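Computed from a predicted model, the values in this text were never measured in an experiment.
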Amino acid sequence: MDFGKKLKELRLQAGLTQKQLAVQIGTSKSIISFYELQERIPSPEVLIKLSSVFHVSTDYLLGIDNTERLDVSGLSKDDIRLVDMMIQSLREKNNNKNL
């Protein structure tokens, strides 16, 4: 998936309009449109802002690394352990479905 498609997908998943995203990263709606249409390439600084908004890595935005990650910043160690246990439980459930 190219950057523009990935950006649009993340924006829509977050329930943001182009204008709302533009405000969050300090640019204009037309610039977001240009990015999504692959008519412009964002600067490294803008990539970092976008990755922060969507809680993904810049590599994920650029299609270099397609591994989805969870942002657990702001959670306590106990909360992180609970999330990890839930993930493990869901993996086991999904693995059992595939058998």
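By the criterion of side-chain heavy atoms lying less than 4.5 angstrom apart, applied directly or through intervening Ile, Leu, Val, Met, Phe, Trp or Tyr residues, Leu50 is not grouped with Leu12; the two fall into different hydrophobic clusters. Cluster membership check: Ile25 does not share its hydrophobic cluster with Leu37, using side-chain heavy-atom separations under 4.5 Å among Ile, Leu, Val, Met, Phe, Trp and Tyr.
Judged as a side-chain contact (heavy atoms from CB on, under 4.5 Å), and not counting sequence neighbours, the contacts of Asp84 are Gln88. The side-chain contact (heavy atoms from CB on, under 4.5 Å) check on Ile48 picks up Thr58, with sequence neighbours excluded. With sequence neighbours excluded, the residues forming a side-chain hydrogen bond (donor to acceptor under 3.5 Å, both in side chains) with Thr17 are Gln20, listed by chain and number. In terms of the side-chain contact (heavy atoms from CB on, under 4.5 Å) criterion, Val23 has no residue partners (sequence neighbours excluded). Taking Glu92 as the reference, nothing meets the side-chain contact (heavy atoms from CB on, under 4.5 Å) condition, with sequence neighbours excluded. Remark: Ser89 pairs with no residue by the side-chain hydrogen bond (donor to acceptor under 3.5 Å, both in side chains) rule, at least two apart or across chains. Partners of Asp78 according to the salt bridge (charged side-chain N to carboxylate O under 4.0 Å, His left out) rule, which considers only residues two or more places apart in sequence or in another chain, are Arg81. Listed by chain and number, the residues in a side-chain hydrogen bond (donor to acceptor under 3.5 Å, both in side chains) with Ser33 amount to none (sequence neighbours excluded). Residues meeting the salt bridge (charged side-chain N to carboxylate O under 4.0 Å, His left out) test with Asp65, sequence neighbours left out: Arg69.
Residue pairs satisfying the salt bridge (Lys or Arg N to Asp or Glu O under 4.0 Å) criterion with at least one member in residues 35-62, sequence neighbours excluded, are listed as follows: Arg11-Glu36. Within the structure, no pair that satisfies the salt bridge (Lys or Arg N to Asp or Glu O under 4.0 Å) test touches residues 16-30, not counting sequence neighbours.
Remark: the backbone N or O of Ile32 is not paired with any side-chain donor or acceptor of Gln18 at under 3.5 angstrom.
Using a 4.5 Å cut-off between side-chain heavy atoms of Ile, Leu, Val, Met, Phe, Trp and Tyr, Met85 forms no hydrophobic cluster with any other residue.
Of all heavy-atom pairs spanning Ser57 and Ser51, the tightest one is C-CB, 4.0 Å. Of all non-hydrogen atoms in Tyr35 and Leu7, the two that sit nearest each other are CB-CD2, 3.6 Å. Across Leu61 and Lys6, no two heavy atoms sit closer than the pair O-CD, 3.8 Å. Listed here is the closest heavy atom pair of Tyr60 and Asn66: CE1-O, 3.8 Å. Annotation for Phe54 and Leu10: closest pair CE2-O, 3.5 Å, computed over non-hydrogen atoms.
Residues Thr27 and Phe34 have side chains not in contact (no heavy-atom distance under 4.5 Å, counting atoms from C-beta outward). Inter-residue side-chain proximity for Asp79 and Val72 is flagged as unmet; no heavy-atom pair is nearer than 4.5 Å. The closest side-chain heavy-atom distance from Ile41 to Phe3 is not below 4.5 Å.
Within a 6.0 Å sphere centred on CD1 of Ile80, heavy atoms belonging to other residues, nucleotides or ligands number more than 12.
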